[in-house]
> 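Please find one structure pasted underneath; my questions will follow.
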Amino acid sequence: MIDHETIGLLLKGVNNVTWQSLVMLGVSFVLMYLAIVKDYEPLLLLPIAAGCMLANLPLSPLIADDGMLKVLYNMGITNEMFPLLIFVGIGALTDFGPLLENPRLVLLGAAGQFGIFMTLILALILGFTPNEAASIGIIGAIDGPTSIYVSGILAPHLLGPITVAAYSYMSLVPIILPPVIKLMTTKKERAIRMPYSQRKISRRTRILFPIVVTVMVGTLVPFATPLIGMLMLGNLMKESGAVERLTKASAAEIANTVTLFLGLAIGSTMVGADFLKQDTLFIMVLGLLAFALDGCAGVLFAKVLNWLSGGKVNPMIGAAGISAFPMAARVVQRVAQEEDFENFLLMHAMGANAAGQVASVVAGGVLLALMGAGG
Amino acid sequence: MIDHETIGLLLKGVNNVTWQSLVMLGVSFVLMYLAIVKDYEPLLLLPIAAGCMLANLPLSPLIADDGMLKVLYNMGITNEMFPLLIFVGIGALTDFGPLLENPRLVLLGAAGQFGIFMTLILALILGFTPNEAASIGIIGAIDGPTSIYVSGILAPHLLGPITVAAYSYMSLVPIILPPVIKLMTTKKERAIRMPYSQRKISRRTRILFPIVVTVMVGTLVPFATPLIGMLMLGNLMKESGAVERLTKASAAEIANTVTLFLGLAIGSTMVGADFLKQDTLFIMVLGLLAFALDGCAGVLFAKVLNWLSGGKVNPMIGAAGISAFPMAARVVQRVAQEEDFENFLLMHAMGANAAGQVASVVAGGVLLALMGAGG
Amino acid sequence: MIDHETIGLLLKGVNNVTWQSLVMLGVSFVLMYLAIVKDYEPLLLLPIAAGCMLANLPLSPLIADDGMLKVLYNMGITNEMFPLLIFVGIGALTDFGPLLENPRLVLLGAAGQFGIFMTLILALILGFTPNEAASIGIIGAIDGPTSIYVSGILAPHLLGPITVAAYSYMSLVPIILPPVIKLMTTKKERAIRMPYSQRKISRRTRILFPIVVTVMVGTLVPFATPLIGMLMLGNLMKESGAVERLTKASAAEIANTVTLFLGLAIGSTMVGADFLKQDTLFIMVLGLLAFALDGCAGVLFAKVLNWLSGGKVNPMIGAAGISAFPMAARVVQRVAQEEDFENFLLMHAMGANAAGQVASVVAGGVLLALMGAGG
Amino acid sequence: MENLGWGLQMTVLGMGLVFALLALLWGLLTLVLALDKEPKAPQTAKEAIVEAERIAASADGAIGAQVPERPTVNGMPADLVAAIMIATLKHKTELRRQAAPFMRSYWPGSQLFASRWVATGRARQNSIWQARGK
Amino acid sequence: MENLGWGLQMTVLGMGLVFALLALLWGLLTLVLALDKEPKAPQTAKEAIVEAERIAASADGAIGAQVPERPTVNGMPADLVAAIMIATLKHKTELRRQAAPFMRSYWPGSQLFASRWVATGRARQNSIWQARGK
Amino acid sequence: MENLGWGLQMTVLGMGLVFALLALLWGLLTLVLALDKEPKAPQTAKEAIVEAERIAASADGAIGAQVPERPTVNGMPADLVAAIMIATLKHKTELRRQAAPFMRSYWPGSQLFASRWVATGRARQNSIWQARGK
Ligand code: NA
Ligand code: NA
Ligand code: NA
C-alpha cells in the first residue's frame with residue numbers, strides 16, 4: 001500500500017532545497033551567461049556550469065556514489081587523466097617553430113610565471129594553508145590543464161573555483177593585458193620594431209624538440225613529467241607526421257569527449273556549503289592579480305633583454321610570456337598596431353607565448369616539487 | 001606432459017553446450033534477422049544480438065569476470081552512464097521549437113504515458129513483483145534510454161527483454177500506431193485541419209527551455225534529474241550554439257561508441273536460464289499492450305482538447321504524445337494524408353511528440369519516486 | 001620552512017637516474033627512429049616508444065598507482081579490452097570475399113601458423129617456461145592483437161617485447177618474405193599462373209560468414225571466442241550494411257583512441273630491470289624465426305596443394321597464409337610480377353591471406369586451450 | 001490481491017503527478033514565451049510542413065530514432081512526396097549554402113541531416129554489397 | 001628435457017587442431033556457398049587485380065596494416081603500375097560517384113580507402129614540415 | 001607569520017629553478033639548432049605575419065585557446081585587416097590546394113584551422129537559431 005511515507009517521498013525534493021543550493025544554481029546561471037553570451041571559453045565553462053547546476057539540484061542522484069557525475073570524476077579527475085589528455089590535444093595543435101626560430105625567447109616564458117609565487121604569498125597572508133596557497137598561485141600559470149592538475153593534487157576541494165578562475169581569466173586576456181602593457185611601457189618602447197628573420201627549422205629539429213624537452217624537464221622535475229610528457233607527446237605525434245590519425249584523434253574526438261566529461265565533473269564539485277565561502281571570492285581576486293603580475297613581470301624582464309640587446313627587443317612581447325597560447329601573442333600584436341600599423345610583432349610574440357606554455361608546465365612541476373607532493 | 005585432462009579440456013566447449021544456450025543462439029539470430037533484414041533499429045538490436053550470441057557460446061570468456069562484455073557492463077550499465085550519455089546525444093539533435101510554438105500540447109505528452117501504469121497493473125496481476133511490474137510498465141514510455149535507466153535500477157535481471165521490447169516496438173510505431181488511431185477516431189475527426197501559425201522562437205527562449213525544464217523537473221522529482229538533466233544538457237549545448245564541437249561529439253562520436261558498448265553489454269545479460277522463462281513472453285506481450293494503451297490514451301485526451309477548443313484540435317495528434325520522436329509524428333502525418341492529401345499536421349504532431357519525449361522522462365522519474373527507489 | 005630535505009627533493013630526480021633507465025630511454029629513441037624514419041607501423045610503435053620513454057624517466061609519476069599510464073593499463077590491457085576493440089575495427093575493414101570465392105584456400109592459413117609451434121619448442125630449449133614459450137611462439141601468428149591477447153594472459157611480463165616484435169616484423173613483411181619465397185620455390189613454380197574466376201558472393205553469404213565462423217570456432221575453442229568474436233563482430237557490422245555509423249566508429253574513432261592508449265600502456269611496461277635481459281634478445285630473434293618458418297610452411301603446403309591440383313596452384317600464395325593482411329598478399333603479387341609482369345596472383349593471395357587472419361586467431365585460441373589457461 | 005490496490009493507487013497518483021508536472025511546465029513555458037512577445041505570423045501549409053520536415057529530419061540522426069519502413073513513401077501520394085521533396089531540397093540547399101560549416105559536420109550523405117526518405121533510399125542503392133550482391 | 005617432449009606434443013596436437021578446425025570451416029563455407037548457387041563467371045586479369053586492389057586498399061585502413069615501403073612501387077615496372085593505377089582510379093571514381101556517402105565517410109585523402117601507394121606518396125609531399133623542412 | 005617567510009623562500013627558490021631550467025633548455029635548443037646550420041633568411045613583414053597567423057590560427061583549435069572578442073577586429077585598422085586577410089587566405093588556399101588531406105581532416109569551416117576572426121564571424125551568421133532567432 002502507498003502510505004504517507006511514500007507521499008512524503010514525493011515532497012522530499014522540495015523539502016531539500018536549501019538557500020545554498022539556490023545560490024549555487026544562481027552561480028551556474030551566471031557561468032552559463034558568461035559562456036554563452038559573453039563567450040568566455042564556452043567549451044569549458046558551459047559543461048562546468050551544467051555540472052554545477054545538476055549537482056546542486058536537491059538530492060541530485062548524479063553526485064551519489066555511482067551517480068554519473070561522480071563516475072566521471074573518478075574516471076578522470078582523481079587520477080588526473082582528463083587534464084593530461086587535453087594536453088595531448090593542445091600539443092598536437094601547437095607549433096613551436098616561432099620559439100625554435102628564436103630560442104632565447106624561452107626566458108620570457110620564465111618571467112611570465114612570476115605571478116604564481118607572488119599570489120602564493122598573498123594567499124598565505126590571507127590565511128590559506130600552504131597547499132591551498134600553492135593551488136591558488138597556479139592560476140598564475142594561466143594554463144587550464146596545469147591549474148587543474150596541480151590543484152587536483154594539492155587542494156581538490158578548490159578545484160571548482162580555481163578551474164573557473166583559470167579559464168575565465170584566460171578568456172579575459174584581450175581585456176586585462178592591454179592596460180597592463182600600456183602601464184608598464186612607454187610609447188617609445190611600444191614603437192620598437194623587431195627584425196623578421198625566418199630560419200627554416202628542419203624536420204629533425206622539430207621532432208627532437210618535444211623529446212629533448214620531455215627528457216630534460218622530466219629528469220630534473222619528475223613532478224612535471226605527466227604534464228610536459230603529454231603536451232610533448234601531442235607535439236611529437238604532430239611533428240613526426242607519421243601518425244596523422246592519432247594526431248587528429250587527440251585534437252578532435254578525444255579532446256572533445258574529455259572536455260565535456262572534465263567540465264561536467266569539475267562543475268559537480270561546486271556544491272553549496274563548500275563553495276559559498278569568502279575564500280572563493282579571494283581566489284577570484286587573487287587569480288586576477290596573479291594574471292596582472294605575470295604580465296608585469298614579463299614586460300619588465302623583456303625590458304632587461306631590450307637593454308642587453310641594445311634596444312632590439314620590444315618589451316611588449318614579454319607580456320606574451322604568460323602563456324595562454326596563442327591569444328596573448330595576438331593581443332600584443334594588436335596593441336603594437338594600435339600605435340604603428342606597420343609594426344608586426346606577432347611572430348616574436350608567438351615565440352615568447354610558446355615559451356610561456358612550456359614555462360607554465362615547468363613552474364607547475366617546480367611548485368609540486370617544492371610542496372614535496374607525494375615526494 | 002599433455003595428459004588426458006588436457007585433452008579433456010579440448011572438448012570442454014562442446015561438452016558445455018546446453019539446450020538453453022542453443023535456444024539463446026537462436027534468439028540472437030532472430031534479433032539479427034530483425035535488425036538487418038527487417039531494419040528494426042539495427043543500431044541497438046544488432047549489437048544486442050551480437051552480445052547475446054557471444055555470451056551464450058559455451059564457457060564464453062567474454063562474460064567471465066574481467067571478460068570484455070562484463071567490463072562494458074560495469075563501465076556503463078551498472079552506473080547507468082551509457083543510457084544517460086545517449087540521452088545527451090538525443091537532446092543535441094532534438095528541436096523543441098514545435099512544442100514552444102504551441103506549449104499547451106505539453107499535456108498530450110502526459111496522456112501518452114497512461115500505458116505505463118495500466119501495464120504495471122496487468123504485470124502485477126500476472127504475478128510480477130512490484131519492482132518488475134514497474135520496469136515492465138516503463139516500456140510504455142516508448143523511450144529506450146528511459147526504459148534502460150528505470151529497469152536498470154528496479155529490475156536489472158529484466159534489462160535484456162525490456163530493452164529489446166522497447167526498441168523493437170519503437171521501430172514498430174509505423175505498423176502499430178495507424179490501426180490504433182483509426183480505431184479510436186472517426187473519419188470526420190481525422191479530417192480536422194489545424195491552422196499553421198508560426199511564431200519565431202527567440203534564441204533566449206530556446207536556451208531558457210532546457211534550463212527551466214531541468215530545474216523544475218529536477219527539483220520536484222529528484223529521481224528524474226539524471227534523465228532530464230542529460231537530455232536537456234544536450235539540448236542546451238545545441239541551442240547555445242557556443243560549443244558546436246561538443247554538440248557534434250555528443251551526437252556522433254560519443255553516441256556511436258556508447259551505443260555499440262551499450263548494445264553489447266545488454267545483450268550479454270541475456271543468458272540461457274534467466275532469459276528462457278514464460279516471463280519473457282509476458283514482457284513482450286505487455287510491452288506491446290503498453291504501447292497500444294499509450295496511443296489510445298493520447299487520442300482520447302486529444303479528443304477532450306478538441307472538444308474544449310471547439311473542434312480545433314485533430315485527435316490524431318494525441319497519438320504522437322507517446323514520444324518515439326520524430327517517428328510517431330511522421331506516422332500521424334501519414335495517416336492524415338491518406339485521407340486528405342492537403343492536411344498537414346506534422347508540425348502540431350511534432351509538438352505533441354516532443355512533449356511525449358519530456359513526459360516519458362518525467363513519468364520515469366515519478367515511477368522511481370513512487371517505488372521509493374533509493375529513497 | 002623549507003629545509004634541506006626539501007632541497008634534497010629537488011635533486012631526487014637526477015639521483016634516481018639509473019643506467020637501466022638510460023638504456024631504456026635509448027631503446028625508446030630507437031623505436032621512435034623505426035616508427036618515424038623507417039615507418040615501422042608508427043601507429044603502434046610511436047605510442048609504445050613514448051610510453052617507454054615516459055615510464056623510464058626517473059620517479060615517473062605516470063607509472064605510480066593512479067598514474068595515467070597505469071590507469072590506461074588497467075583500463076584495457078589487464079582485461080584485454082583494447083586488443084579486442086582493435087580487432088572489431090580490423091574486422092570492419094576486412095573483406096573476406098577473396099576467401100569466400102575460393103574456400104579451399106582456408107587450409108593455407110592453417111599451414112601459415114606452423115612457426116608458432118616450432119618457435120615454442122625453440123623457446124623451451126632456450127629455457128623459457130612453457131607459458132613464456134607459448135607467448136613467444138604466438139609472435140608467429142604475425143597478428144598484433146592476437147599476440148597481445150595471448151601473451152597478456154600467459155606472460156604479461158613479456159608483453160612489451162612481444163608486442164614490439166609482432167608489429168615490427170609485420171612491417172618487415174616486404175623485406176623478409178621475398179627471400180623466403182625465393183628460397184622455397186623454383187623459378188618455374190613462381191611462374192605458375194592461376195585462373196581468375198570471379199563468383200558473385202551474395203549478401204546473405206557475406207553476412208552468414210562471420211556468424212558461422214564465430215559460432216563454430218567459439219564452440220570448439222572457447223578460448224578463441226573473444227578474439228574471433230570481436231573480429232567477426234566488426235565484419236558482421238560491415239557486411240550487414242545496417243549500422244554504418246557503428247562500423248565507421250569502430251574503424252576510425254574507437255580504433256584510433258584505443259591504439260593510442262594501447263601503445264602508451266604497453267610501452268609503460270618496458271621498464272629497465274625487467275626489459276634488459278638476454279631473454280628480450282632471444283624473443284626478438286625467435287620472433288623473426290617464427291616469421292620465416294610460417295612462410296616456409298605456407299609455401300610447402302601450397303606445393304602440396306599444387307601437386308594435388310595438378311599444377312594449378314602457385315606455391316607462392318602459401319606465403320600469404322601467415323596473415324598480416326593485406327601486406328603479405330601484396331608482397332606475393334610483387335614477387336610474382338618481378339618475374340612475369342602479366343602474372344596476377346593478388347586475388348588468390350588475398351584469399352590465403354584472409355584465411356591466415358582467421359587461422360591466426362584459431363591458433364591463438366588453441367594455444368590458450370592447450371595451456372589450459374583459466375581452464 | 002492487495003498488490004492490485006497498490007497498482008491502482010500508483011496509477012492514480014502517477015498519472016496525477018505526470019499531468020500536474022507537465023501542466024506546471026506549460027505555465028512556465030507560457031511565462032518564458034511571454035518575454036518574447038513575438039507576433040504569431042500566419043504560415044502556409046508548405047512552409048509549415050517543410051519546416052517540420054527539416055526538424056524531423058535532423059532528429060532522425062539521434063540514436064533510436066527509427067527508419068520509417070519503405071511503404072510509408074509509396075503509401076503517400078507520389079505527387080505530394082514530390083512536392084514536399086522539392087520544397088525540402090530547395091530549403092536544404094539554401095540552408096546548406098549559408099550553413100556549410102554546420103551541415104558538413106556530419107558524414108556527407110549521412111542520415112544525421114538528410115531526410116530519412118532520401119537517405120534510406122540512397123543508402124540502399126549505394127551500400128557495397130548491393131553493387132555485387134545477388 | 002621433458003619440456004621438449006611436451007613441446008612436440010603441443011606442436012602435433014596444436015597444428016592438428018588448427019588444420020582440423022579450418023578444414024571443418026572449409027566444409028561449412030562450402031555448404032553456405034552452396035545455397036548461393038552463383039555461376040562462376042570468368043574474369044579478366046585486369047578486373048581481378050583491380051577488384052583485389054580495391055579490397056586490399058580498404059583493408060589498409062585497419063590498425064596494423066602496414067605501409068609497403070616505397071621501393072615496392074619503383075620495384076614494379078612503371079607501366080604496369082600505371083596500368084593498374086589507371087584501372088584502379090577509374091574504378092574508384094566510378095565507385096565514388098555512386099557511393100559518395102560511404103566513400104567520404106573517411107577523412108578525404110585518408111588511407112582508409114585510397115591505395116597506400118597513392119596515399120603514402122600524397123602524405124609525404126603534403127605533410128607540413130615538408131613545406132618548410134630541409 | 002612564519003608562513004610568509006616560507007612563501008618568500010618558495011618564490012626565490014621557485015623562480016630561480018624555473019629560470020635555471022629554461023636557461024638550460026635554451027642551451028639545449030641552441031645545441032640542437034646548431035646541427036641544422038640553416039641560414040637565417042631575411043623575411044618581409046607580410047611573410048612573417050602571414051606565417052605567424054597561420055600558426056596561431058591552427059592553435060586556435062586547441063581546447064582552451066580563446067576566441068578574441070569581436071572588438072579586436074574593428075579595433076584594428078580595417079585596411080590592415082584586409083591586407084592580412086587576403087595574404088592569409090591566399091596562403092591558406094595555396095596550402096589547402098596541395099594539402100587537402102590534412103586540411104580537410106577537420107570539420108570544414110571548423111575553427112581548427114580557419115582563423116578565429118573568419119570562423120567566428122561565419123559561425124555567428126550561420127548558426128541555426130540566428131536564422132530564426134529575434
Ligand atoms: Na603561464
Ligand atoms: Na512515452
Ligand atoms: Na598468422
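These numbers were taken from a predicted model, which means no experiment stands behind them. Naming convention: chains lettered A, B, ... in sequence-line order (proteins, then strands); numbering from 1 in each chain.
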> Which bit of B/Thr257 comes within less than 4.5 Å of chain A, counting heavy atoms only: side chain, backbone, both or neither?
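Neither part.
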> For B/Met230, is it the side chain, the backbone, both, or neither that has a heavy atom closer than 4.5 Å to a heavy atom of chain A?
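Answer is side chain: those atoms of B/Met230 sit under 4.5 Å from chain A.
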> Select one option (side chain, backbone, both, neither) describing which atoms of B/Val366 are under 4.5 Å from chain A's heavy atoms.
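Neither part.
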> What part of B/Ile254 gets within 4.5 angstrom of chain A, counting heavy atoms only: side chain, backbone, both, or neither?
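Interface part for B/Ile254: side chain.
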> If you tally heavy-atom pairs under 4.5 Å against chain B, which of A/Pro61, A/Pro47, A/Ser21 wins?
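Highest number of heavy-atom pairs under 4.5 Å: A/Pro61.
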> Do you know which of B/Pro226, B/Gly76, B/Gly218 has the most heavy-atom pairs with chain A at a distance under 4.5 angstrom?
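Heavy-atom pair counts peak at B/Pro226.
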> So how far is it from A/Met327 CE to A/Met170 CE, rounded to the nearest 0.5 Å?
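With rounding to 0.5 Å, CE (A/Met327) is 9.5 Å from CE (A/Met170).
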> Is it the case that the side chain of A/Thr163 and the backbone of A/Ile148 share a donor-acceptor pair, with hydrogens and angles ignored and the cut-off at 3.5 Å?
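Judged by distance alone, no pair lies under 3.5 Å.
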> Measure distances from A/Val17 to the heavy atoms of chain B and classify the residue's part below 4.5 Å as side chain, backbone, both or neither.
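Side chain of A/Val17 only, per the 4.5 Å heavy-atom cut-off to chain B.
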> Is A/Ser60 reaching over with its side chain to a backbone N or O of A/Ala55, donor-acceptor style, under 3.5 angstrom?
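Pair absent, no side-chain N/O of A/Ser60 close to backbone of A/Ala55.
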> Do the side chain of B/Asp143 and the main chain of B/Gln357 share a donor and acceptor less than 3.5 angstrom apart?
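No, because the side chain of B/Asp143 does not come within donor-acceptor range (under 3.5 Å) of the backbone of B/Gln357.
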> Using atom types as modelled and distance alone, determine if a side-chain donor or acceptor of A/Ser323 lies under 3.5 Å from a backbone N or O of A/Ile142.
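Present.
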> Which answer fits A/Leu46, side chain, backbone, both or neither, if we ask what part of it has an atom under 4.5 Å from a heavy atom of chain B?
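For A/Leu46, the side chain is the part near chain B, not the backbone.
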> Rounded to the nearest 0.5 Å, how far apart are CG of B/Leu367 and CD of B/Gln113?
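Rounded to the nearest 0.5 Å, the CG-CD separation comes to 11.0 Å.
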